[in-house]
Amino acid sequence: MDFRDTAAEAAFRKDVRDWLEANKPSGAVAGLGVTEGRVGMLRTWQRKLHEGGWAGLGWPKEYGGRGASLIEQVIFSQEYARAKAPSILNVIGIGMAGPTIIAHGTDEQKHRYLDKILSGEEIWCQGFSEPGAGSDLGALRTSAVVEGDSFIVNGQKVWTTLAHIADWCILLARTDPTAPKHKGISYLLVDMHSPGVEVRPLRQMTGEAEFNEMFFTDVRVPRDNILGDVNDGWRIAMTTLLHERGTLGFALATQAEIVLGEAIALAKKTLKAGRPAIEDPLVRQRLAQLHVEIQAMRLNNYRALTTVMRTGIPGPEGSLGKLLWSESNKRLGELMLEIQGPAGLLEGSGYAGDNGEWVYRHFRSRANSIEAGTSEILRNIIAERVLGLPKHK
Amino acid sequence: MDFRDTAAEAAFRKDVRDWLEANKPSGAVAGLGVTEGRVGMLRTWQRKLHEGGWAGLGWPKEYGGRGASLIEQVIFSQEYARAKAPSILNVIGIGMAGPTIIAHGTDEQKHRYLDKILSGEEIWCQGFSEPGAGSDLGALRTSAVVEGDSFIVNGQKVWTTLAHIADWCILLARTDPTAPKHKGISYLLVDMHSPGVEVRPLRQMTGEAEFNEMFFTDVRVPRDNILGDVNDGWRIAMTTLLHERGTLGFALATQAEIVLGEAIALAKKTLKAGRPAIEDPLVRQRLAQLHVEIQAMRLNNYRALTTVMRTGIPGPEGSLGKLLWSESNKRLGELMLEIQGPAGLLEGSGYAGDNGEWVYRHFRSRANSIEAGTSEILRNIIAERVLGLPKHK
Amino acid sequence: MDFGFTEEQELLRKSAREVLAERSTPAVARAVMESETGFDESLWKTIAELGWCGVAIPEAEGGLGLGWVEQAVLVEETGRAVLPAPYLSTVGLALPVVLLAEPGEMRSRLLQGIASGEMRVALALTEEDGEWFAPLKAAATKSVNGYTIEGRKVFVADAHVAHELLVVARLDDDFAVFAVPAADTAITPLPTLDRTRRLSEVRLDGVTVGSERLIASGKSLGWRPADRTALVIAAEQTGVAQRVLEMSVQYAKEREQFGKPIGSFQAISHKLADMLLLTESARSHVYYAAWAIDEGTPDASLAAASARVAGIEAGRFATAEAIQVHGGIGFTYEHDLHLFYRRAKWDELYYGDATVWRERVAELIAAT
Amino acid sequence: MDFGFTEEQELLRKSAREVLAERSTPAVARAVMESETGFDESLWKTIAELGWCGVAIPEAEGGLGLGWVEQAVLVEETGRAVLPAPYLSTVGLALPVVLLAEPGEMRSRLLQGIASGEMRVALALTEEDGEWFAPLKAAATKSVNGYTIEGRKVFVADAHVAHELLVVARLDDDFAVFAVPAADTAITPLPTLDRTRRLSEVRLDGVTVGSERLIASGKSLGWRPADRTALVIAAEQTGVAQRVLEMSVQYAKEREQFGKPIGSFQAISHKLADMLLLTESARSHVYYAAWAIDEGTPDASLAAASARVAGIEAGRFATAEAIQVHGGIGFTYEHDLHLFYRRAKWDELYYGDATVWRERVAELIAAT
């Protein structure tokens, strides 16, 4: 047991930190939103990351990656969060589409797509979720019918980040409507510039549009653009989802530590009943509790990492992180608004703490327990896969 | 809307209060436990209540009751709780068996049982719960097989209060094992002195034995001792369960108010970090929250009462009371132990607040969310019957 | 002992619900949100004509001469409809102060103005520190023609559409309330998360008002206006909670996942049961407190504070969990839930949060 | 960066679990509960012979010379087995003080005595007010032969089976720790809810001890023993939580209601998921804190306080909800759950509750 970096790890961490410090866009702001005004900056940043050799950190070297170890990937994600570097534009391509193509693609497919993913020349999005399906992915209804050399795709997807700027989409579609739910699904690589693809931004309650709806009307997809076999898409999608989390837990924990630090700073400068909020016993209890939860995330992540490194099999601790983070982050947002009193009702003003930043964070946090697995689904997963309880159905 | 007693209500309340003050056993202690040492006192008290005309308050006059209105019953239960009068020994007979016999019994049965219930000459217990059935009453397995003029009963019941002193038992038994779950059950009146009836006390984690297990081995029950028709027991049991709650909600709310008052008193005299616990901002928040919850119980009860009196149909508010009470009472118990620090670990001692009374209450409160409907079952009921959501099965 | 509404009260609720269903739709709220002023003149006229502003104002002053129970009924309904009008600020924040002011011509003018709907009045209490019940910096000094007030008020609800402001300021060793024409002050709306109920900054740079405009002193007011304000906000929270509960129950019955309505899963149905529990509890508290205030019972302050706490819990839990029950769709701007969420958050943080009011409850129960 | 146990540590856990499965069954705990002394001599001998009391004691003092990680491994296991022996009071409460005492003959005697298991030592800190980190009334005065101590200690864990008491008393303007032979004091056991770990009242009526028995001063100790004590109790809580989680999962798989295992209902399964979350989080905190203490990292105190908070949450939630999952049967005296519930409650309220330790966390994070 040793929580310190080894000499090699420390050296790698320094490399990452130095490079980020020297290269990250000035005035960079962390956060996931790819708003119109930021796309140009993010493209440039993606290219820079690639040139620096940081794109596809965990990809095998033969496919242009760095072949970094798991722990190096963790260190990178921690330092990335700490530097508050802007989001990686081609995150779906590098984190999900690429690894799936590496695992299941033909040589031609690997040759065609992988380089351009890493360079950011082609941006990817993910067409899994559907309006009627939600947490029940197997209920998807988008159809792909073979017609000559093509699939003809019809249907609707939702909650698609980046769709408005994406060049390609990893799309799940039903190719055999008569088969049971999880059979009869195929995994297609769809050119977003094809006729019949329409993207509409989906505005959130924060006012931002991070997500999109995608409509597919008689979209023609060449037969070669299938990954794996026809009707074998479910199995392949599992590879993608396995990569969805990646080192996200570490990034979230580091980010949560930083945000808690900012919360403490605000509690020091905000007056409540005439004295700094940080001196209020109730505020102190709640901040302390959040500290304990955020540290639990970080430490649970380490345990999961050690288990994977020792046994190759992820331990139960990792699956707990997202659940803990969502619920803690929501509570932090609530607390920070309460600390401010009526100033917590201002979306931006000199009267609001940090110019209304916390109001945005609070609103945004409401989606935490819904996106990337609702808290209900996560508890189902923990109950069934970790505790071995019978299925709730 | 008027929360004051009418003149008639006030007069009735005064009658009750005066009578209880004049007649309740000296040094009486509230609480449900019928321990061996208390049975004699409770029998005397039951007789006194009967003589005073307070037994069977809500029963029709023709059956020896007082024919009191619903609101008079509420007033009685409030005053009873306020007076901290000891528990009513024949509570099952008066509250459940009697009303069910009145509703479904033959004239002979009414003649045979009702008087002796009111006088306390015959004490009743309730044989519904079984070890394997729990919240799923329909899964009961105790059998009653017709043999000549009798049913032969075999099986086991559990969580039976008063079984150790009861003369009679309202018992649900399966008379048709081939019928669907809720059919094929009959409602029997069983003489507890019959050969083959065995009662074993069931000690709780508090150390007390409020409940019993009952074992029935080839117990012979005359065919006349059935209430209603063979295999119609489920419907009749619903009458019993409808009466189970009765004005319990009002008694619980009044009791909770009293207990909260005692908690505040203890918080005033217990020092925490050198000053009375009542001055600790965290303690204050928690006590205030409990006050709000307990008052909600009281007020929800009033709303339910008004709805029943106006429409004859209970409103949704009543079913919420037990759920709220269980959860609040558990939290109160936890708080009161915390206030005491290590003294909260003593089961009785001059060092413990109120001589360890709160340790007992805390332990006892752990059963609140299990007995008389678990919190999970209550939420199911609210979801299905009040909100009209589909069954969870 | 009777917790029932009178026929007139039921009728009031029914007619309010009908009017609001037509005139205060989410679409109207969105239009008001997006508008520059955040104010819909014609909607206000409707409210005024119905006499809703004068429900708790005596008939002699042009009101309907009813009480706080009726006021709570109306506000529960306006909450249910997220009414985008300066109604709560008028009847919940300003009116309690005016009603409890010293009898006199100014009080009558204000009451009659409010009752007719021709006068919108805002309460200018808080300052930069956002504290509700704390020492003030704004100060009034006696001058030849009356009083001169100097100070800056912040977080003043609906000030930008008010005719009169009730400015609370230090005066000698007490505080006092002055009715100040809004036009005499400098009002700057602030970007508020519930854009149908905007907060403003109000500057008073040596504004002089006549002596008759001093309408109340702190010593005479005490907590009494606060009891009424707490009650009114709690009533609104109850309405908000009720509406999102209904939306969520409806959705849980219709929406299917894994081949079943999501309302059949305990993870959803138990959440909804808890929402019901909190909403019904808030409602019980609200009407008891309203009755207690109308009757002037000794526990009126405790009842009002308890209602406020119960209202906050219901509003907060119900709107947050409604989003969770709805999943992604509940987080979109197009879905109406966020209108209710914003309103509930406003109600939670405005006029003292749950901690402040629990402390008030504690103070009252520990004193006995 | 490595959160793994060494092979030796894994082996220690494995062998401890095996020994405890045989020697520390619930039946044994019940026998100890019912016994007059609440003490099982032969069980203690087993522990002593295995060297468990000396895990964190240097080899030079007769211990195994391991560290707090190993100590936490053992205590997690003894918690899992609700070990009915004065083990936690010795290694968790007394040992940290002795280890951090001034080097010298007395310290060595105590360490060697503890390591061999021949000496049981209890920490006599709290007084009538039950405060952990507060001014004391008990006072020592310098006398001809050493020190004379006058005072009354209350809530002293396992004092009635101890050989030596570590009495904390005022001395001049600081406090000091004295090793006092238990026989020189008047010890009265109190009726404790966890009867396998009894609390006692200890009276010191002018007990005189030699100068060498003053083993530490408050100024030199600071919070350091508290860090270790907090860690050890948190480890026990983790073990308790883990065991009741396992019992509950097992029960939820077997017990059927409405024709299905109750573990298939989300009302049960989500509770169990939350139990797992809290238990795993407590475990992560415990071993990080143990490592930080062993390494003397700057965040060791914060890590220990965090572990204590996480341990309380896990122990409290898991034992309470385990009863709920089991239903009526879980509330009976015959069922073993209440042994764990009592232990968890003891651990929660002894040595500062969650509020005290969250305040400690707050103090440390607000200082940075």
Side-chain angles (χ1 to χ4, degrees), chain B residues 1-6 9 71 74-75 260-261 264 267-268 276 278-279 281 283-293 295-307 309-310 315-317 319-320 323-324 327 375-376 378-384 386-393, chain C residues 1-6 9 69 245-246 248-249 252-253 260-266 268-278 280-288 290-292 294-295 297 299 302-303 305-310 313 354-355 357-366 368:
Chain B
M1 195 171 296
D2 191 350
F3 293 86
R4 296 194 191 88
D5 287 340
T6 62
E9 288 162 6
I71 206 150
V74 164
I75 290 170
L260 182 64
I264 292 169
K268 283 179 178 172
I278 192 75
E279 293 176 18
V283 171
R284 292 169 76 79
Q285 289 283 312
R286 290 165 74 181
L287 287 172
Q289 180 63 31
L290 286 162
H291 168 83
V292 172
E293 290 170 13
Q295 289 305 310
M297 276 174 62
R298 183 174 73 90
L299 297 168
N300 288 344
N301 285 340
Y302 280 136
R303 279 178 61 211
L305 179 68
T306 298
T307 308
M309 292 199 304
R310 289 200 173 186
E317 309 86 358
S319 55
L320 304 168
L323 177 60
L324 191 49
E327 301 302 327
S375 290
E376 289 77 23
L378 292 177
R379 287 198 180 89
N380 280 353
I381 290 174
I382 294 167
E384 291 164 20
V386 183
L387 296 175
L389 291 166
K391 282 216 167 228
H392 75 106
K393 274 176 278 185
Chain C
M1 206 154 26
D2 175 19
F3 205 149
F5 294 102
T6 61
Q9 288 163 346
V69 171
L245 170 61
E246 288 168 18
S248 302
V249 167
K253 286 177 183 173
K260 285 189 286 190
I262 60 170
S264 67
F265 295 111
Q266 287 175 324
I268 301 296
S269 67
H270 285 194
K271 224 187 260 300
L272 294 170
D274 287 339
M275 281 164 71
L276 178 75
L277 176 60
L278 290 175
E280 293 294 349
S281 297
R283 180 171 293 123
S284 296
H285 271 293
V286 160
Y287 290 103
Y288 178 72
W291 175 84
D294 278 338
E295 297 293 318
T297 66
D299 67 344
L302 177 55
S306 301
R308 174 83 174 115
V309 172
E313 288 298 333
T355 305
W357 285 95
R358 274 198 214 97
E359 175 53 35
R360 168 89 172 138
V361 169
E363 191 188 312
L364 293 167
I365 59 175
T368 57

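Order of the sequence lines fixes the chain letters, A, B, ..., with proteins taken first and strands second; residue numbering starts at 1 for each chain. Model, not experiment: these values are computed from the prediction.
- If you check the side chains of B/E293 and B/Q289, you find a donor sitting under 3.5 Å from an acceptor.
- Screening C/L302, C/L364, C/V309 for a side chain to side chain contact (heavy atoms under 4.5 Å, CB included) with B/H291, the sole residue that qualifies is C/L302.
- In this structure, chain C has no heavy atom under 4.5 Å from any part of B/M297.
- For a residue to count as touching a neighbouring chain, one of its non-hydrogen atoms must lie under 4.5 Å from one of that chain's; by this rule B/I264 touches chain C with the side chain only.
- C/D274 touches chain B through its side chain: at least one heavy atom from C-beta onward sits under 4.5 Å away, while N, CA, C and O do not.
- Put simply, of B/A267, B/G261, B/S375, B/G388, the one with the most heavy-atom pairs under 4.5 Å next to chain C is B/G388.
- Between C/L277 and B/I382, every side-chain heavy-atom pair lies at or beyond the 4.5 Å cut-off.
- With a 6.0 Å cutoff to the six-membered ring centre and a 45° limit on the axis angle, B/R298 counts as a cation-pi contact of C/Y288.
- Contact of B/R286 with chain C is not made at all, since no heavy-atom distance falls under 4.5 Å.
- Contacts between B/E9 and chain C at a heavy-atom distance below 4.5 Å involve the side chain alone, from C-beta outward.
- In this structure, the portion of C/V69 lying under 4.5 Å from any heavy atom of chain B is its side chain and not its backbone.
- If you measure heavy-atom distances from C/E246 to chain B, you find no contacts under 4.5 Å at all.
- When side chains are defined from C-beta on, C/W291 does not count as touching C/F3, because their heavy atoms never get closer than 4.5 Å.
- Contact count versus chain C (heavy atoms, under 4.5 Å) is highest, among B/Q295, B/R310, B/E376, for B/R310.
- In terms of modelled atom types and a separation under 3.5 Å, the side chain of C/Q266 and the main chain of B/N380 share no donor-acceptor contact.
- Interface residue B/R284: backbone and side-chain heavy atoms are both found under 4.5 Å from chain C.
- Side chain of B/R303 to main chain of C/E280: a donor-acceptor pair is present (N/O by atom type, distance under 3.5 Å, no hydrogens or angles).
- Contact of C/T355 with chain B is made through backbone and side chain together, with heavy-atom distances under 4.5 Å.
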